[in-house]
Structures are given as C-alpha cells and as structure tokens.
Peer 1: 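Attaching a single structure in structure tokens format; questions to follow.
Order of the sequence lines sets the chain letters (A, B, ...), proteins ahead of strands, with each chain counted from 1.
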Amino acid sequence: MRVRFAPSPTGQMHIGNARTAIYNWLLARGPERATFVLRVEDTDPERSSEANVAFLLDALAWLGLDWDEGPIRQTDNTARHQAALATLLVDGRAYRSRAGAAEVAAYRATHGAERGFRGEDDGEGAVRLRVPDTGATTFTDVIRGEIATPNVSMDDPVIARADGSVLYNFAVAVDDIDAQITHVLRGEDHISNTPRQLLVMEALGATPPVYAHLPLIRDESGKKLSKRHGAASVQQLRDLGYLPEAVVNYLSLLGAGFAADEEFFTPQELAQRFRLAAVSKSPAVFDERKLRHLNGQHLRALPVEELTRRLQAFTGADVDLGPAVAICREKIQTLADFWPLAGFLYDGPADDPAAAAKWLGSEEQIATLRAARDRLAQVPTWDVASLEAALSDLLDELGLKPGQLYQPIRVALAGRTVSPGIFETLAVLGPEASLARIDRSLTTRG
RNA sequence: GCCCCCAUGGUCUAGUGGUUAGGACGCCUGCCUUUCACGCAGGAGAUCGCCGGUUCGAGCCCGGCUGGGGGUACCA
C-alpha cells in the first residue's frame with residue numbers, strides 16, 4: 001500500500017490540507033503500514049516558491065508527520081510528463097487545439113449546456129485530451145461508493161499549454177502512476193477532477209489507484225474555511241498556543257468515524273484505530289472551542305518538564321518557568337493562556353484598579369492584609385503546607401470567610417482577582433518577594 | 001446553466017429496520033473550592049431537512065424535492 005500527500009505550496013498550510021496529510025499519515029503509521037510519499041505540486045510557478053515549500057515542510061514537522069519518500073517535486077518529473085504527452089499525441093488520444101474560452105462557450109451555446117466541449121485537431125496550440133462522447137467514467141470511492149460522470153458532460157480538458165508545460169490534472173495522473181500510488185486520499189474538492197485523471201490514466205494504459213475523497217472542513221457559515229474567520233492554517237494554530245498532538249487529535253476526529261465514547265487519543269492511538277472505510281461522508285465545521293478543550297486535555301497529559309520546555313519556547317522567556325508551570329497547569333487550555341495567568345510572578349503585580357478597589361479598598365481589608373502579613377512573616381518553613389496551616393489558623397482566629405482573607409492577599413500579590421492557588425503562589429514567589437508585595441499594597445492603599 | 005457530492009440537538013458524532021435516538025464540545029444548575037480553572041453530579045436543547053413509497057414497523061431501504069457544498073481554468 002502506497003499513499004501520498006501532494007499539496008501545492010501556497011504559503012501557510014491550510015487546516016483542510018493538514019487533515020488530509022494527517023489521514024495519509026495515519027494510514028501509513030497504522031496497521032496497514034503504508035508507504036507515505038510526499039510530493040510538492042509545483043507546476044504552477046505563480047504560487048510555488050522555495051519559501052512556501054519551506055513553510056509546508058515546517059508545518060508537517062511541527063505536526064509530527066513524517067514521510068517515507070520525497071519530498072519530490074512535480075517539476076522534477078518533467079521528462080516523464082513530456083514522454084506521456086508525446087505518447088498521447090501519437091496515439092491520437094490527445095490533440096493540439098487553438099480553442100480558448102470563447103470557443104468553448106460558443107460550442108456550448110450551439111450544442112447545449114449539458115454537452116462538453118469537443119475540439120478539432122488544429123496541429124498547434126494547447127493539448128487537449130479526447131474525451132469519449134458516450135458512456136461514463138466511473139470509480140469506486142472507498143468512502144462514498146460508486147461515482148459516475150457522464151463522459152458527454154465533460155469538456156476535452158487542456159492537459160498542457162502550447163509551450164508544452166503540463167497542467168495539474170495531467171501531471172497528477174502521471175505522477176501517481178509513476179510513484180505507484182495505490183490509494184489516493186484527498187479532499188472532496190477533487191471528486192470532479194477524478195474522472196479527468198482517470199481518463200488520462202486510461203489513455204496511458206495504466207491501472208488507476210483506489211480513491212478516497214475526504215469531506216471538506218467548513219467554517220461556522222458553512223463555507224470553506226478561510227483566514228477571514230479565525231484560524232485557518234496550522235501556523236496560526238501554533239501561534240495561538242495549540243499543541244500539535246491536540247491539533248492532530250482534533251482534526252482526526254473531524255470525520256474519522258470513531259466510536260464517540262472516547263475522544264482523547266495520542267497520534268499513535270489514532271493510527272491504530274483509523275479505518276479509511278469508516279470515514280464520514282459529510283463535511284464538518286471547524287470548532288475552535290472543542291479544539292481548546294482537547295488542547296487542555298493534552299496539555300495536562302504532558303509531564304511538567306515537557307510542558308515547561310514547550311512554554312519556555314512559546315513565551316521566549318529567559319527565566320525558569322518550571323515552578324510557575326507546576327501551579328498553572330490545571331488552569332490553562334493553551335500555551336497562550338499561560339503568561340496572562342502566570343506573568344505576574346515574574347513581572348510583578350498587574351494593575352487592575354477594580355480588583356484593588358474591591359479587595360483592598362476598605363480599612364477592614366487593609367487590616368486583614370496586615371494581619372496576614374504579620375502571620376506570614378512568622379511562618380517557619382516557607383512551603384505550601386506550612387503556609388496553608390498558618391493562614392488557615394488566622395482565618396479561624398479572625399472569624400472571616402475564606403475569600404475575605406485570601407482575596408486581599410491575592411490582589412496584593414497578583415494585582416488581580418485571578419491567580420493560581422494562593423499558597424502555591426506564595427510558595428513560588430518566596431518569602432521576600434511575597435512580603436515585599438504585600439508591604440507595597442499596605443503602603444500605597446493603607 | 002451543466003456535472004458531481006452531502007444532509008442526526010448550535011457544533012463534532014454513535015446508531016445500519018423495533019432504542020426513553022447514545023456520547024463529546026458549548027450553555028445552565030449544583031458539588032468541590034481562596035479566585036479562575038480542573039474534576040464530579042445533574043439539566044435544557046433533535047418534528048433524525050421535507051414529501052411520498054416499501055414494510056406489521058424507517059433516522060436506518062427506494063424515489064422525488066429542498067437546502068448546503070464542490071467542480072465547471074491554458075490554477076492546484
């Protein structure tokens with residue numbers, strides 16, 4: 001079994017493309033052990049650049065998707081393309097035509113809208129493939145079953161420009177045969193291209209691969225996902241603080257056809273479970289909130305040291321984030337959530353007037369904070385257990401509700417009403433910094 | 001216009017002739033609790049797109065329709 005992922009390098013890697021890559025990889029790393037071929041479709045010089053190819057490879061690497069052969073460039077196959085083109089021309093399966101869009105439109109105007117364009121051999125011009133006038137081109141899609149297209153409805157497709165440069169539908173067919181691809185997994189938007197490619201293969205006397213057309217991923221409005229609505233590329237997801245394993249997990253779930261009783265899977269588990277025939281036929285809407293949820297699960301499944309490593313890289317911080325990560329892990333869902341929650345440990349208290357007004361605005365609150373300060377100063381061992389014991393005792397003595405004691409402390413330390421656990425925060429800050437921050441609040445507010 | 005594909009709560013889905021239509025995200029309530037989260041327990045939310053047919057019986061099978069999407073490029 002040989003599969004391939006053959007994107008055109010358009011810069012950022014679209015989420016739909018990522019899903020296609022993932023499904024191919026799943027097949028390659030699952031029980032089937034398919035050989036995964038990576039091919040870059042660069043026949044269109046308009047959009048293919050080295051920088052874009054680099055983006056592509058970078059995205060695959062980030063996702064953790066490795067391949068077995070390639071990356072091969074479609075343009076490297078030029079000799080094969082030309083040979084195949086010559087064969088078709090000699091055999092009369094293709095012809096040179098000067099007809100352009102105007103001629104095609106005129107043809108349809110006189111022959112009926114349901115009839116595809118049929119040209120004449122002009123001996124020069126672009127190369128068109130001869131499509132039969134009768135019958136239908138059919139194939140059995142693994143996911144959708146039999147799909148038939150009446151030949152008469154198809155135009156004779158242009159497969160090469162007048163200068164000999166080949167076009168997508170021709171190059172793909174030749175390349176897939178060349179690479180001995182057995183299973184083509186690609187987006188649903190290629191269903192209509194398949195008959196044309198099949199016709200090319202047939203004209204070349206080749207046996208076509210098996211096709212599996214994956215449903216598209218849509219945005220909230222039902223359209224193809226685009227940058228206009230939130231994240232549309234894997235690079236964006238990375239910048240938003242999502243973990244690659246969560247992205248792979250989430251994207252796999254969109255249409256994988258797994259039983260719905262479980263949703264958290266490692267890439268390896270996904271590969272183990274993946275079954276091509278079970279893939280859903282209907283398109284799915286990309287739901288970032290569910291990705292967030294799954295991301296939180298993956299994030300918490302990571303060992304603290306590993307999560308710290310990733311946060312270190314994500315934030316670019318040069319201080320050791322380890323202690324902060326340990327106390328924030330349960331409270332964040334993306335890497336991007338970390339700094340807003342934990343930054344005060346390093347940058348000092350945030351400036352939130354509303355928080356200060358609410359918890360450090362009255363005489364009683366200041367008095368409570370002072371009492372807490374005095375008690376903390378006497379804590380023999382500055383660790384979570386001792387801090388909790390000391391403040392808990394004070395709480396009883398003062399006869400206050402927990403929030404009445406803890407919130408003023410929290411605001412003094414963090415400058416905000418939201419922070420990691422108060423004892424953990426004190427422990428990570430250490431006695432000097434903790435007491436200094438409290439003192440500062442006491443002097444400015446008191 | 002023409003060709004093709006799709007259709008279960010807001011979203012992702014399970015379900016293949018007999019179920020109170022199951023799960024997850026999100027939302028609401030409660031518990032936990034020093035905040036926010038996490039976790040746990042509940043709850044609201046679905047005329048299974050519509051009409052007709054087959055059948056004792058249809059979300060599941062058939063037909064039509066509607067809606068959505070894709071293609072219709074000398075782009076990929």
Peer 1: Check whether the side chains of A:Thr334 and A:Asn295 place a donor and an acceptor atom closer than 3.5 Å, and report yes or no.
Peer 2: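 Not at all, the side chains of A:Thr334 and A:Asn295 share no donor-acceptor pair under 3.5 Å.
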Peer 1: For A:Gly421, answer base if it contacts any base atom (sugar-phosphate contacts may also be present), sugar-phosphate if it contacts only those atoms, and nothing otherwise; contact means non-hydrogen atoms under 4.0 Å.
Peer 2: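 Base contact - A:Gly421 has a heavy atom under 4.0 Å of at least one base atom.
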Peer 1: Name the pairing partner of B:rG45, where a pair is Watson-Crick or G-U wobble with both distances under 3.5 Å, or state none.
Peer 2: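 The base-pairing partner of B:rG45, which may sit in any strand shown, does not exist here.
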Peer 1: Using a 4.0 Å heavy-atom cut-off across all strands, classify A:Ser282 as base, sugar-phosphate, or nothing.
Peer 2: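 A:Ser282: backbone/sugar contact only, no base atoms under 4.0 Å.
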Peer 1: Any side-chain N or O of A:Arg161 less than 4.0 Å from the OP1 or OP2 oxygen of B:rC75?
Peer 2: yes
Peer 1: So which of residues 120-148 of chain A are in contact with RNA chain B, with a heavy-atom cut-off of under 4.0 Å?
Peer 2: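 The answer is A:Ala126, A:Arg144, A:Ile147, A:Ala148.
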Peer 1: For A:Asp176 and A:Arg39: C-alpha separation, side-chain torsions, deciding distance, then whether side-chain contact (heavy atoms from CB on, under 4.5 Å) applies.
Peer 2: CA-CA 10 Å; A:Asp176 283 340; A:Arg39 184 173 72 224; 3.0 Å; yes
Peer 1: Evaluate salt bridge (charged side-chain N to carboxylate O under 4.0 Å, His left out) for A:Asp122 paired with A:Arg96, printing each intermediate quantity in order.
Peer 2: CA-CA 6 Å; A:Asp122 299 323; A:Arg96 289 192 174 276; over 6 Å; no
Peer 1: Please assess A:Tyr168 against A:Asn193 for the test side-chain hydrogen bond (donor to acceptor under 3.5 Å, both in side chains), listing each intermediate value before the final yes or no.
Peer 2: CA-CA 10 Å; A:Tyr168 172 74; A:Asn193 287 148; 5.0 Å; no
Peer 1: So which heavy atom on A:Thr138 is nearest to which on A:Leu198, and how close?
Peer 2: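 Closest heavy-atom pair between A:Thr138 and A:Leu198: O-CD2, 4.2 Å.
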Peer 1: Would you kindly give the CZ-to-P distance between A:Phe264 and B:rC38, to the nearest whole Å?
Peer 2: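 So the two atoms are 15 Å apart, to the nearest Å.
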Peer 1: Report the residue from A:Phe264, A:Phe274, A:Phe265 that forms a ring-ring contact (aromatic ring centres under 6.0 Å, His included) with A:Phe258.
Peer 2: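 Filter result, single survivor: A:Phe265.
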Peer 1: Pick the closest RNA chain B nucleotide for A:Gly255 and for A:Arg300 by heavy atoms, then say which residue is nearer the 5' end.
Peer 2: A:Gly255
Peer 1: How far does the C1' atom of B:rA14 sit from the matching atom of B:rC50, given to the nearest Å?
Peer 2: 24 Å
Peer 1: Using the ring of each side chain (for Trp, its six-membered ring), is A:Tyr346 parallel, tilted or perpendicular to A:Trp339, with breaks at 30° and 60°?
Peer 2: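 The arrangement is parallel - the two ring planes meet at less than 30°.
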Peer 1: Would the base of B:rA7 count as contacting A:Lys281 through its side chain, where contact means a donor and an acceptor less than 3.5 Å apart?
Peer 2: no
Peer 1: How does each nucleotide of nucleotides 63-71 of chain B score, in 5' to 3' order, for protein heavy atoms under 4.0 Å: base (B), sugar-phosphate only (S), or none (-)?
Peer 2: -----SSBS
Peer 1: Find the partner of B:rU16: check Watson-Crick (N1-N3 plus N6-O4 or O6-N4) and G-U wobble (N1-O2, O6-N3) distances, both under 3.5 Å, and reply none if neither fits.
Peer 2: none
Peer 1: How many Å lie between CG on A:Leu294 and C1' on B:rU11, as a whole number?
Peer 2: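 To the nearest whole Å, that distance equals 14 Å.
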Peer 1: Does A:Gln297 have a side-chain nitrogen or oxygen under 4.0 Å from the phosphate oxygens OP1 or OP2 of B:rG39?
Peer 2: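 Yes, A:Gln297 has a side-chain N/O under 4.0 Å of OP1/OP2 on B:rG39.
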Peer 1: Are there over 12 heavy-atom neighbours, none belonging to A:Arg300, within less than 6.0 Å of that residue's CZ?
Peer 2: yes
Peer 1: Assuming nearest nucleotide by heavy-atom distance, tell me which of A:Thr417 and A:Ala113 is located more 5' along RNA chain B.
Peer 2: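 Between the two, 5'-proximity favours A:Ala113.
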Peer 1: Side chain of A:Leu167, heavy atoms from C-beta onward: which of B:rC12, B:rC75, B:rA24 has the nearest atom to it?
Peer 2: B:rC75
Peer 1: Taking B:rC31 as the reference, what is the distance to B:rU66 when you measure between their C1' atoms (whole Å, please)?
Peer 2: 48 Å
Peer 1: Under a 3.5 Å limit for both distances, which nucleotide forms a Watson-Crick or G-U wobble pair with B:rG52, could you say?
Peer 2: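 Check on B:rG52: paired to B:rC62, both distances under 3.5 Å.
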Peer 1: To the side chain of A:Glu263, which of B:rU11, B:rC12, B:rC36 is closest?
Peer 2: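 In terms of side-chain proximity for A:Glu263, the closest of B:rU11, B:rC12, B:rC36 is B:rC12.
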Peer 1: Can you measure A:Tyr250 atom OH to B:rA24 atom P for me and round it to whole angstrom units?
Peer 2: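 Taking atom P of B:rA24 as the reference, OH of A:Tyr250 is at 16 Å.
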Peer 1: Of the listed nucleotides (B:rU35, B:rC38, B:rC12), which one gets closest to any side-chain atom of A:Ala284?
Peer 2: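 Of B:rU35, B:rC38, B:rC12, B:rC12 is nearest to the side chain of A:Ala284.
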Peer 1: In terms of heavy-atom contacts, does CD of A:Glu103 have more than 12 from other residues, nucleotides or ligands at under 6.0 Å?
Peer 2: yes
Peer 1: Take the protein atom CD1 of A:Ile332 and the nucleotide atom C1' of B:rA37, then report the distance between them rounded to whole Å.
Peer 2: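 These atoms are roughly 10 Å apart.
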Peer 1: For residues A:Leu345 and A:Ala324, report the shortest heavy-atom separation together with the two atoms involved.
Peer 2: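 That closest heavy-atom pairing would be CD1-CB, 3.6 Å.
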Peer 1: Determine the Euclidean distance between corresponding P atoms of B:rG59 and B:rC48; express it in Å to zero decimal places.
Peer 2: 7 Å
Peer 1: Need the pair for B:rA37. Rule: Watson-Crick or G-U wobble, both distances under 3.5 Å, any strand; none if unpaired.
Peer 2: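 For B:rA37, the partner nucleotide comes out as none, under the 3.5 Å rule.
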Peer 1: Atom CZ of A:Phe265 to atom P of B:rC12: distance rounded to whole Å?
Peer 2: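 In whole Å, B:rC12 P lies 18 Å from A:Phe265 CZ.
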Peer 1: From the options A:Ile327, A:Asp383, A:Val384, select the one residue that forms a side-chain contact (heavy atoms from CB on, under 4.5 Å) with A:Phe423.
Peer 2: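 Of the listed options, the one satisfying the test is A:Val384.
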Peer 1: What's the gap between B:rC25 and B:rU35 when it is taken at their C1' atoms, as a whole Å value?
Peer 2: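 It works out to 25 Å between them.
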Peer 1: Would A:Tyr250 and A:Phe286 count as a close aromatic pair, with their ring centres under 6.0 Å?
Peer 2: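 They qualify: ring centres under 6.0 Å apart.
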Peer 1: Ignoring hydrogens and angles, answer whether the base of B:rC36 and the side-chain atoms of A:Lys331 contain a donor-acceptor pair closer than 3.5 Å.
Peer 2: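 Flag set: donor-acceptor pair detected.
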Peer 1: Determine the interatomic distance between C1' on B:rU33 and the same-named atom on B:rG39; round to the nearest Å.
Peer 2: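 Each nucleotide's C1' atom is 11 Å from the other's.
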Peer 1: Once you round it to whole Å, what is the distance between C1' of B:rG10 and CZ of A:Arg289?
Peer 2: 8 Å
Peer 1: What residue among A:Ile191, A:Asn24, A:Thr194, A:Leu214 forms side-chain contact (heavy atoms from CB on, under 4.5 Å) with A:Arg186?
Peer 2: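 Of all the options given, the one that passes is A:Thr194.
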Peer 1: Using the C1' atom as the point on both nucleotides, what is the distance between B:rU13 and B:rA21, in whole Å?
Peer 2: 13 Å
Peer 1: Measure from the side-chain heavy atoms of A:Val285 and tell me the nearest of B:rC2, B:rC12, B:rC38.
Peer 2: B:rC12
Peer 1: Please give the distance between the C1' atoms of B:rG15 and B:rA24 as a whole number of Å.
Peer 2: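 Comparing C1' positions in B:rG15 and B:rA24 gives a spacing of 15 Å.
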Peer 1: Whom does B:rC25 pair with, Watson-Crick or G-U wobble, provided both distances fall under 3.5 Å?
Peer 2: B:rG10
Peer 1: Taking the same atom, C1', in B:rC74 and in B:rG69, what whole-Å distance lies between them?
Peer 2: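 Going atom to atom, C1' in each nucleotide, I get 27 Å.
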Peer 1: What nucleic acid atoms does A:Pro150 come within less than 4.0 Å of, heavy atoms only: base, sugar-phosphate, or nothing?
Peer 2: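 Sugar-phosphate, backbone atoms only, no base.
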Peer 1: Return the nearest nucleotide to the side chain of A:Asn169; candidates are B:rG10, B:rA76, B:rC4.
Peer 2: B:rA76
Peer 1: Could you state the atom-to-atom distance from CZ of A:Arg73 to P of B:rA76 in whole Å?
Peer 2: 16 Å
Peer 1: Rounded to the nearest Å, what distance is computed from the CD atom of residue A:Glu103 to the C1' atom of nucleotide B:rC74?
Peer 2: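 Taking atom C1' of B:rC74 as the reference, CD of A:Glu103 is at 12 Å.
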Peer 1: Under 4.0 Å, heavy atoms only, any strand: does A:Ala99 hit a base, just the sugar-phosphate, or nothing?
Peer 2: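 The answer is base, as A:Ala99 lies within the cut-off (heavy atoms under 4.0 Å) of a base atom.
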Peer 1: Where the side chain of A:Asp155 is concerned, which of B:rC12, B:rA76, B:rU72 is the nearest nucleotide?
Peer 2: B:rU72
Peer 1: Which nucleotide, if any, forms a Watson-Crick or G-U wobble pair with B:rA76, using both distances under 3.5 Å?
Peer 2: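 Because no pair has both required distances under 3.5 Å, B:rA76 counts as unpaired.
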